[in-house]
Student: 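Have a look at the structure that comes next, please.
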There are 2 protein chains.
Amino acid sequence: MKTIDIFKALSNETRLNILLWLKEPEKHFPAQGAHIPKGVSFVGGVCVGDIQEKAGLSQSTVSSYLNMMQKAELLESFRYGQWTYYRRNEASIQALAEEIRTHL
Amino acid sequence: MKTIDIFKALSNETRLNILLWLKEPEKHFPAQGAHIPKGVSFVGGVCVGDIQEKAGLSQSTVSSYLNMMQKAELLESFRYGQWTYYRRNEASIQALAEEIRTHL
DNA sequence: TTGACATATCGGGAATTCTAGATATAAAAT
DNA sequence: ATTTTATATCTAGAATTCCCGATATGTCAA
């Protein structure tokens with residue numbers, strides 16, 4: 001993924017907030033994980049509906065924001081049944097910090 | 001300066017390139033510094049005209065891009081006579097990397 | 001297999017960003 | 001003083017982004 005697409009993904013207040021909320025999912029999404037069954041773990045993942053409610057934007061908007069952030073590798077997703085869970089891609093976020101530190 | 005304004009400044013290819021060009025001014029702007037007199041030093045600074053030529057965009061566009069990047073604290077400027085020199089604000093760029101590493 | 005629910009995708013109007021040309025300002029040279 | 005040069009600001013059209021409602025897709029339950 002190109003660095004500039006990461007910056008584009010980060011240059012919107014809602015998308016930036018989503019990334020920050022997902023840093024402490026249990027704090028910002030109290031009902032998180034309710035649909036993940038035993039044996040399946042996707043720690044830190046929050047479903048689209050919960051993120052949408054918190055963001056206060058339409059379902060379609062939030063869905064495409066999440067998709068955009070995943071393409072930029074800021075998030076990763078896991079589908080369980082009819083739910084899609086998103087969580088931060090920590091490795092990629094740290095790689096961005098390192099990229100800025102050394103090459104920007 | 002708000003982090004989001006930094007990301008907005010970085011989410012344009014030309015502006016991103018300007019920042020990268022200024023990392024090695026002598027390489028990308030061979031004629032750089034020609035107007036800085038003895039006793040005045042603004043190491044790494046390049047005047048607007050040189051940056052404009054390299055970018056291949058209009059003078060007004062480049063001028064406002066540079067202004068925007070300075071407001072975001074990615075650049076700093078120094079005026080000498082009719083020339084304005086811009087250079088990277090390294091401290092601020094490193095602060096961004098650190099901000100991403102620890103708080104994003 | 002039908003209905004309900006979660007998410008994704010499509011189409012479009014509103015808002016913002018991109019970028020140029022025209023003009024203003026400010027300093028230097030004549 | 002006038003002209004030239006470098007940069008900044010203003011105005012505006014084109015391009016892009018924002019964000020919604022409508023619709024499609026996929027999954028689960030009855």
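Residue numbers start from 1 in every chain, and the chains themselves are labelled A, B, ... in the order their sequence lines are given, proteins ahead of strands. Computed over heavy atoms, backbone and side chain alike; hydrogens, waters and symmetry mates excluded.
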Student: Please work out if A/T84 contacts a base, only the sugar-phosphate, or nothing of the nucleic acid, heavy-atom cut-off 4.0 Å.
Tutor: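 Touches sugar-phosphate only.
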Student: Start with the C-alpha gap between A/L10 and B/L104, add the side-chain angles, then the distance that decides, and say whether side chain to side chain contact (heavy atoms under 4.5 Å, CB included) holds.
Tutor: CA-CA 10 Å; A/L10 292 172; B/L104 186 69; 4.3 Å; yes
Student: Atom CG of A/L74 and atom CZ of A/R87: how far apart are they, to the nearest 0.5 Å?
Tutor: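 Separation between the atoms: 14.5 Å.
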Student: Rounded to the nearest Å, what distance is computed from the CG atom of residue A/N12 to the P atom of nucleotide D/dT16?
Tutor: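 Between P of D/dT16 and CG of A/N12: 18 Å.
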Student: Could you state the NZ-P distance from A/K71 to C/dT9, rounded to the nearest angstrom?
Tutor: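 About 8 Å, once rounded to whole Å.
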Student: Using whole Å, report how far CZ of A/F78 lies from P of C/dA8.
Tutor: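 The distance from CZ of A/F78 to P of C/dA8 comes to 14 Å, rounded to the nearest Å.
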Student: Tell me, for nucleotides 22-30 of chain D in 5' to 3' order, what letter each nucleotide earns: B for a base near a protein heavy atom under 4.0 Å, S for only sugar-phosphate near one, - for neither?
Tutor: B---BBS--
Student: Measure the distance from CZ on A/R15 to P on D/dC19 and round it to the nearest whole Å.
Tutor: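 The distance from CZ of A/R15 to P of D/dC19 comes to 8 Å, rounded to the nearest Å.
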Student: Flag yes if more than 12 heavy atoms outside B/E98 fall under 6.0 Å of its CD atom; otherwise flag no.
Tutor: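 Atom CD in B/E98 is packed in, count exceeds 12.
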Student: Figure out the OH/C1' separation between B/Y85 and D/dA6, and round it to whole Å.
Tutor: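 In whole Å, D/dA6 C1' lies 10 Å from B/Y85 OH.
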Student: Return the CG to CD distance between B/L75 and B/Q70, rounded to the nearest 0.5 Å.
Tutor: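 CD of B/Q70 is found 7.5 Å from CG of B/L75.
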Student: In whole angstroms, how far is the C1' atom of D/dC18 from the NZ atom of B/K8?
Tutor: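 About 11 Å, once rounded to whole Å.
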Student: Hey, can you tell me if B/F78 and B/Y85 have their rings parallel, tilted or perpendicular (30° and 60° cut-offs)?
Tutor: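 It falls in the tilted class, 30° to 60°.
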Student: State which of D/dC20, D/dT7, C/dA8 makes the closest approach to the side chain of A/S58.
Tutor: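 Taking heavy atoms from C-beta onward, the closest nucleotide is D/dC20.
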Student: Compare side-chain N and O positions of A/Y65 against OP1 and OP2 of D/dC19 and report whether any pair is under 4.0 Å apart.
Tutor: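 Yes, A/Y65 has a side-chain N/O under 4.0 Å of OP1/OP2 on D/dC19.
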Student: Where do B/W21 and B/V46 land on the side chain to side chain contact (heavy atoms under 4.5 Å, CB included) test, with the steps shown first?
Tutor: CA-CA 10 Å; B/W21 293 334; B/V46 178; over 6 Å; no
Student: Can you tell which of C/dT7, D/dA8, C/dA20 lies closest to the side chain of B/T61?
Tutor: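 Taking heavy atoms from C-beta onward, the closest nucleotide is C/dA20.
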Student: Rounding to a whole Å, what distance do you find between B/L75:CG and D/dT7:C1'?
Tutor: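 To the nearest whole Å, that distance equals 15 Å.
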Student: Starting at CG of B/N67 and ending at C1' of D/dC10, how long is that distance when rounded to a whole Å?
Tutor: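 Atom-to-atom, B/N67 to D/dC10, this comes out as 14 Å.
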